[in-house]
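Since this is a predicted model, take the numbers as computed values, not measurements.
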Amino acid sequence: MEEVLGTDVDASQLIDQAISLVMTYAPKFVLAIITLLVGLWLINRFIKVLDNRLGKKDPTLNKFLCGLISAIVKIMLLISVASMVGIETTSFIAVIGAAGLAIGLALQGSLANFAGGVLLLIFKPFKVGDTIEAQGFTGAVVEIQILYTVVDTFDNRRIVIPNGSLSNAALVNVSIYDKRRCDMTFGISYNDDIDTAKAILKRLFEEDERSLTEPGPRICVASLGDNSVNLMFRAWVATGDLWPYYWDMQEKVKKAFDKEGISIPFPQRDVHVHNVK
């Protein structure tokens, strides 16, 4: 009988303790969950507004800065929620620090990409909308993220390039200046008149409204090749007109040379056969 009573007393004590724990921590737990959900909602709203505001002023900086702020604020929210539940904040921070150190050692490449992104934003070798040549790709910069830079090529491919590679290697910013020099070389026969060919090139330059007169064109003999006299034709155009101008001028020069009797030679070899008795 005493054993049964002792068992009942122990069970009731356990139930009382459980109820006491639930009454003590349940409100804190529920409040922590509500705080976490509301905090995440507010953070997302804040980041969205910040993204819109920065996107109008500096589209290069907004994606990187918004991602960084979002990560920092969310970590602070988690620490606050943990303290509300009753977890020691100092211990929690120590655990996060140790985990961060371990993750950092395991993800050294990602940390290098993060540092590269910071360097890109500080020195600004390019901005969103610029056309760059880097890592064997050419395209327009869509956005600069925390770890990667997104580039869209002209044949509609999306390239994701690590920031570490961009900050530690040579790259070409094609669109940093508003005008560029278009270099072309045209070969004529040794029997053709050089002055006539140069006059044709100058006329084609003057007829094209995309040609810039300042700086002026440069038309001269570049070299005397094995099969042709090579004329160098350098014209300045707006950056956006470079390749359309180049392609159009190739066709115009060929048609004009044909019309004026200027030949464009191609490599050929004469074979002489001698009959020996």
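Atoms OG and OH, from Ser165 and Tyr148 in turn, are 9.5 Å apart once rounded to the nearest 0.5 Å. Considering CG of Leu224 and CG of Asn227, their distance stands at 12.5 Å, rounded to 0.5 Å. For the atom pair NZ of Lys252 and CG of Leu201, the computed distance is 12.5 Å after rounding to the nearest 0.5 Å. Leu40 CG to Asn44 CG: the interatomic distance, rounded to the nearest 0.5 Å, is 6.5 Å. Of the inter-residue distances, the one linking Glu207 atom CD with Leu204 atom CG reads 6.0 Å to the nearest 0.5 angstrom. With rounding to the nearest 0.5 angstrom, the NZ atom of Lys124 is 9.5 Å from the CD1 atom of Ile144.
Within the structure, salt bridge (Lys or Arg N to Asp or Glu O under 4.0 Å) contacts touching residues 145-156 (residues at least two apart or in different chains) are Asp152-Arg158, Asp155-Arg157. Counting only residues at least two apart or in different chains, ring pair (Phe, Tyr, Trp, His ring centres under 6.0 Å) contacts with residues 209-254 comprise Trp243-Tyr246, Trp243-Trp247. Counting only residues at least two apart or on different chains, the salt bridge (Lys or Arg N to Asp or Glu O under 4.0 Å) pairs with a member in residues 167-193 are Arg181-Asp183, Asp183-Arg234.
Phe257 and Met232 end up in different hydrophobic clusters when Ile, Leu, Val, Met, Phe, Trp and Tyr side chains are linked at under 4.5 Å. Ile146 and Leu119 end up in the same hydrophobic cluster when Ile, Leu, Val, Met, Phe, Trp and Tyr side chains are linked at under 4.5 Å. Linking ILVMFWY residues whenever their side-chain heavy atoms come closer than 4.5 Å, directly or via other members, leaves Ile176 and Leu171 in distinct clusters.
Side-chain atoms of Arg210 and Pro244, non-hydrogen and from C-beta on, do get closer than 4.5 Å to each other. Contact of the Val221 side chain with the Leu231 side chain is registered, since non-hydrogen atoms from C-beta on lie closer than 4.5 Å. Side chains of Pro162 and Leu147 form no contact here, defined as non-hydrogen atoms less than 4.5 Å apart. You'll find the side chain of Val73 stays beyond 4.5 Å of the side chain of Phe46, heavy atoms only. When side chains are defined from C-beta on, Phe137 does not count as touching Val151, because their heavy atoms never get closer than 4.5 Å.
The neighbour count for Arg203 CZ, taken as heavy atoms of other residues, nucleotides or ligands under 6.0 Å away, is above 12. The number of heavy-atom neighbours closer than 6.0 Å to CD of Glu251, taken from other residues, nucleotides and ligands shown, is 12 or below.
Chaining together hydrophobic side chains whose heavy atoms lie under 4.5 Å apart leaves Phe154 on its own. Cluster note: Val172 groups with Val174 through ILVMFWY side-chain heavy atoms spaced under 4.5 Å, whether in direct contact or through intervening members.
The heavy-atom pair separating Gly116 from Ser167 by the smallest distance is CA-OG, 3.4 Å. Scanning both residues, Ile43 and Ser70, for their nearest heavy atoms gives CG2-OG, 4.4 Å. Closest heavy-atom contact between Lys127 and Val141: O-CB, 3.7 Å. In this structure, Ala197 and Ile188 approach most closely via the heavy-atom pair CB-CD1, 4.0 Å. In terms of heavy atoms, Asn230 sits closest to Gly187 at OD1-CA, 3.8 Å. What you find for Thr239 and Tyr177 is that their closest heavy atoms are OG1-O, 2.6 Å.
A donor-acceptor contact shorter than 3.5 Å links the side chain of Ser189 to the backbone of Asn191.
Of the residues listed (Asn163, Val150, Asn113), the one engaging Gln145 in a side chain to side chain contact (heavy atoms under 4.5 Å, CB included) is Val150, and it is the only one.
Among residues two or more places apart in sequence or in another chain, the side-chain hydrogen bond (donor to acceptor under 3.5 Å, both in side chains) test is passed with Lys254 by Asp258.
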CA sep, side-chain torsions, deciding dist, call: Thr138, Thr131, side-chain contact (heavy atoms from CB on, under 4.5 Å): CA-CA 7 Å; Thr138 301; Thr131 299; 4.2 Å; yes

